[in-house]
Amino acid sequence: MERTLFRKIDLKMEWEAEIIVVAISKEITMCACSYVAEEIIKGIARYHKHSLTSKHCVVMTSYSVSEASSVICKRDQKAYGSGNITSASLDPFKLATDSPKYAHFYYGVRIVTGSEKFAGTPDTDIYVSLVGSKACTGKMKIVSGWFSTGISAQYYDDLLVESSADLGEVLVVIIGNPANWVISAGSAWFVDFVDVHDLQRKTKQEFPCYHWIEDGDEISFTERTMTLKDVKNNPVLCRQREQQLEYQKARYKWEPFEDLALPSGIDVKVKKLPSDEQFGASKGFDFLSTALASKGTVMFKAAFTEIQSLAHYEELATTLGAPTFSSFEFSRWTRDEEFGRQILNGVNPVVIEKCTQLPPNFPVEANLIEDSLVRGLSLEDEMKAGRIYICNLKVMDGLPCQPGWYCAAPICLLYVNKKKQLIPIAIQLKQKPGSDNPIFYPTDNWADWLLAKLYYQSASTQFHQIATHYLQCHAAMEVYSMGTMRNLPDAHPVHKLLRPHFRYTMAINTRAREKLICDGGSVDMTFAIGGEGRKQLMRIGGKAYSIHWTNIKRSVKERGVEDPNLLPGYHYRDDGLKIWKAIEDFVTDILNEFYASDEDVKGDSELQNWANDIYTNGFPGHQGSKQGHEFPNTIASKAQLVELCTLIIFTGSAQHAAVNFGQYEIYCYSPNAPPGLRLPPPTVKGKADMQTLLDTLPDKNSAALAVAVSHMLSQFSGDELFFGNFPAERFTEAKAQNLIARFRKALDEIDGHIKERNAQLDVPYIYLLPSRIPNSITI
């Protein structure tokens, strides 16, 4: 007989009770004792007419009670094919005991190792444990003997477990990868999922894992999707969630970027990036090889090229192959309608706004644009009709440039003509009006007008890369990923919903901070505002940043560009709104399965911790600011949660695709969108010519680097997962899987509609085809 003391603790009551638990067998485990203690507490509560739960007592703080005697008596390994592997797609579990022992219980365990290269491990000390509602096994070594094989990628291991105790319902699976001085360090193991078969009750449970188990680590995972409310009466599951989050918070530590006022990211100064966030082997190779090949090839070409005409820029632009759409073909880049098309459907489609009144610092002379207003109406009347639009890059004003480089802070006025084309009708290159800051019009000298558009495009290019692309997409998604990994356990529905949209984001951001947007990185080497100008733009953008800049549903309304009748041909808006609606419907359906009311949302402490951590630590530079980043510190309703989850998914998938994957088409030819200019903005008209244009454009090395970087950033990787394709089956519930299938169908329909529309366009808009949108930011 063993005695274990359980002491009741409750500050609201004055009595104590000591309970003697009689352990009839030493096979009773910690989990079994917890279960017994829970039942005893309920009995005391009924006797004293008090409402008590396991939260009111210290349940079995000692692990001294022995475990159920459990062994793996058989093991079988099988390879599985490529493709989307699920529990249902594998062969039935067939291992069985030849001579079952009396009063023993048998379980089948199937561990599926991922197909990623190096997903297996040679380590022979790896183990698995099962934690049930009545008992649990010990650490059962999966591989026996020095000469046994380890775990192989793209294989599953079937194990027959014999236990002296009935485990009951299996609640938790634990897998460990002990540090082994014999096996080389770093033998991480990637587990897709584990199936547990209760061979007595003829039941099967699916436990999604999808984690790298690093050398020296032990992880645990559960079966069902559950909020904290669903497990509050189960001390085993509660503790599992607590331990998982403790482990995650130790691995995912915030690093604030206060100097640049940017959202925080993951701290990798002390500890390396977690394996779950690193590039897969094939992705890492693709990224490195593409980067090296692109830069090496183009810079070699530039070494033997002298820029003497626009044709030489075209030669550099095609060094890595012609883009899908060529802005230089037939001198398309010089046309006003192409300039307007890129404003709407290029890589920076979020700047344009409806103009209802000219800014006071933009004194457009109405008589000079009469020829452009082909309907015969005045500028004021056209504004009232909703056909005048504006792009004001005032954020670029005063940014310091590198020696010998220049950048404008332009204002561009645009008009929707009778052909339903958006065309520029006036451009001012600096914010302060004056005699040295002329406004350029289409009726000016061809070279003056082309230069004006060139300065606008150059400023837009630099703003796009720092603000529209990195800040609004990359930096924001890292914050959401950090908050999720630190505060929402794997079993939480919001974790499962968002996790596919964080894949590789921390890895690419870490690389970007090391190679692209760092001091002396590619951005500094390419952009006119490289160095201090880049930092100032980051600070300005970071301080003004709102999460709703990537909320397309809000953004188009706030900018006054939501009406397709007034602003036709805005494919980013039209396609983006359809995708937003599909995501919103999907998110609503999923969350309705797990939250019955607003009170359920407000009462989910894990969810509230998630919001508060993102609010407090993710965007620390905004604390106390007037506008703020608009991420809430608490979530008050299902509707608010739906909007936030929709925003996060859209930002990491569709929005990033729209502002990223067209970069090679737009930026490979420097005269179309130069990263910097070598002459200051003109102060007078009538003096520009072709030589002025060539003297203003970037030198050959800067142009070549723009080709290499834009090519690298526009590539899909070999292991890319496109929108709605979730091979990691985190939701095991049939209803949730049906909702995912419905979401995929909705995306397929949108894809078909876009392709039909594109067939009628001179320049197809392909960046928001769901079949071309990655689930997450991977580049």
Identify each donor-acceptor pair in which a side-chain atom of residues 738-748 lies under 3.5 Å from a protein atom, sequence neighbours left out, and give them as a table.
unit_1: N738; atom_1: ND2; unit_2: A734; atom_2: O; d: 3.3
unit_1: R742; atom_1: NH2; unit_2: D589; atom_2: OD2; d: 2.6
unit_1: R744; atom_1: NE; unit_2: G724; atom_2: O; d: 2.6

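- Here the CG atom belonging to N509 is positioned 4.5 Å from the CD atom belonging to E478, to the nearest 0.5 angstrom.
- Side chain of D613 to main chain of N609: no donor-acceptor pair is present (N/O by atom type, distance under 3.5 Å, no hydrogens or angles).
- A donor-acceptor contact shorter than 3.5 Å links the side chain of T510 to the backbone of M506.
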Stepwise salt bridge (Lys or Arg N to Asp or Glu O under 4.0 Å) check, E255 with R513: CA-CA 12 Å; E255 179 180 6; R513 290 193 287 268; 5.6 Å; no
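- Here D125 pairs with K141 in a salt bridge; the nearest charged N to carboxylate O distance falls below 4.0 Å.
- Formation of a donor-acceptor pair under 3.5 Å by the D751 side chain with backbone atoms of S771 is found in this model.
- Legend: residues meeting side-chain contact (heavy atoms from CB on, under 4.5 Å) with P208, ordered by chain and number and at least two apart, are Y210, K496, T732.
- Closest approach of I579 and A654 over heavy atoms only: CG2-CB, 4.0 Å.
- In this structure, L237 and L171 approach most closely via the heavy-atom pair CD2-O, 3.7 Å.
- In this structure, D604 does not pair ionically with K229, as no charged nitrogen and carboxylate oxygen lie closer than 4.0 Å.
- Here the side chains of V128 and V194 are not in contact, with every heavy-atom distance at 4.5 Å or above.
- There is no side-chain donor-acceptor pair under 3.5 Å between S264 and N617.
- Residues S714 and N660 form no side-chain contact, since every pair of their non-hydrogen atoms from C-beta on lies 4.5 Å or further apart.
- Ion pairing between a basic and an acidic side chain is recognised when a charged N comes within 4.0 Å of a carboxylate O; D719 and K117 show no such pairing.
- At least one side-chain heavy atom of L607 sits less than 4.5 Å from a side-chain heavy atom of W610.
- Judged by distance alone, the side chains of D217 and H211 never bring a donor and an acceptor atom under 3.5 Å apart.
- A donor atom on one side chain and an acceptor atom on the other are found under 3.5 Å apart for S275 and E214.
- For the side-chain contact (heavy atoms from CB on, under 4.5 Å) test, residues two or more places apart in sequence or in another chain that qualify with E223 are E169, Q205, F207.
- The CD atom of Q244 sits 8.0 Å away from the CD1 atom of I219 when rounded to the nearest 0.5 Å.
- Residues satisfying the side-chain hydrogen bond (donor to acceptor under 3.5 Å, both in side chains) criterion with K204, sequence neighbours excluded, are S87.
- Across every non-hydrogen atom of A188 and W212, the tightest pair is CB-CE3, 3.7 Å.
- For Y155, the side-chain contact (heavy atoms from CB on, under 4.5 Å) partners two or more places apart in sequence, or in a different chain, are Q77, A79, S152.
- Inspection of the T651 and T550 side chains reveals an N or O donor paired with an N or O acceptor under 3.5 Å.
- A donor and an acceptor atom, one from each side chain of R251 and Q248, are located under 3.5 Å apart.
- Contact check for Q663 versus H711: no side-chain heavy atoms found under the 4.5 Å cut-off.
- Taking all atoms of both residues into account, the shortest heavy-atom contact from D490 to C209 is OD2-O, 4.5 Å.
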CA sep, side-chain torsions, deciding dist, call: H492, M226, side-chain contact (heavy atoms from CB on, under 4.5 Å): CA-CA 5 Å; H492 197 285; M226 296 170 286; over 6 Å; no
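- Side chain of S776 to main chain of R503: a donor-acceptor pair is present (N/O by atom type, distance under 3.5 Å, no hydrogens or angles).
- We find that E206 and R730 are not joined by a salt bridge, their nearest charged nitrogen and carboxylate oxygen being 4.0 Å or further apart.
- When only modelled atom types and interatomic distance are considered, Y252 and N487 share no side-chain donor-acceptor pair under 3.5 Å.
- Here E733 does not pair with R224 in a salt bridge; the nearest charged N to carboxylate O distance is not below 4.0 Å.
- When ring centroids are compared, H656 and Y767 stay outside the 6.0 Å threshold.
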side-chain contact (heavy atoms from CB on, under 4.5 Å) between V191 and I175, worked out: CA-CA 9 Å; V191 176; I175 289 182; 4.2 Å; yes
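- T505 contributes a side-chain N or O that, together with a main-chain N or O of I777, makes up a donor-acceptor pair within less than 3.5 Å.
- Using a 4.5 Å cut-off on side-chain heavy atoms (C-beta onward), V196 and V173 make contact.
- Considering T113, D215, D123, N177 as possible partners of W189, the one that fulfils the side chain to side chain donor-acceptor pair (under 3.5 Å) test is T113.
- With contacts defined as side-chain heavy-atom distances shorter than 4.5 Å, the pair I85/S115 does not qualify.
- Under the 3.5 Å distance criterion, with hydrogens and angles disregarded, a donor-acceptor pair is assigned to the side chains of T778 and E720.
- Looking at every heavy atom in both residues, T97 comes nearest to L160 through N-CD2, 3.4 Å.
- Pairs passing the ring pair (Phe, Tyr, Trp, His ring centres under 6.0 Å) check and including a residue from residues 81-128, sequence neighbours excluded, read F93-H197.
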Chi angles and distances behind the ring pair (Phe, Tyr, Trp, His ring centres under 6.0 Å) call for F502, H495: CA-CA 10 Å; F502 302 144; H495 179 113; 8.1 Å; no
Derivation and outcome, ring pair (Phe, Tyr, Trp, His ring centres under 6.0 Å), residues F722 and F716: CA-CA 10 Å; F722 291 98; F716 298 126; 5.1 Å; yes
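- In this structure, Y504 and F279 have perpendicular ring planes: the angle between them is above 60°, well past the 30° mark.
- A donor-acceptor contact closer than 3.5 angstrom links the side chains of D230 and T227.
- Counting heavy atoms from C-beta outward, V236 and S133 have side chains that stay 4.5 Å or more apart.
- Looking at E514 and R511, no side-chain N of the basic residue comes within less than 4.0 Å of a carboxylate O on the acidic one, giving no salt bridge.
- Here the closest non-hydrogen pair linking L90 and Y80 is CD2-CB, 3.9 Å.
- Under a cut-off of 6.0 angstrom, the local environment of NZ in K74 is crowded, with over 12 non-hydrogen atoms contributed by other residues, nucleotides or ligands.
- Inspection of the S220 and Q240 side chains reveals an N or O donor paired with an N or O acceptor under 3.5 Å.
- Between R499 and D276, the closest side-chain pair of non-hydrogen atoms falls below 4.5 Å.
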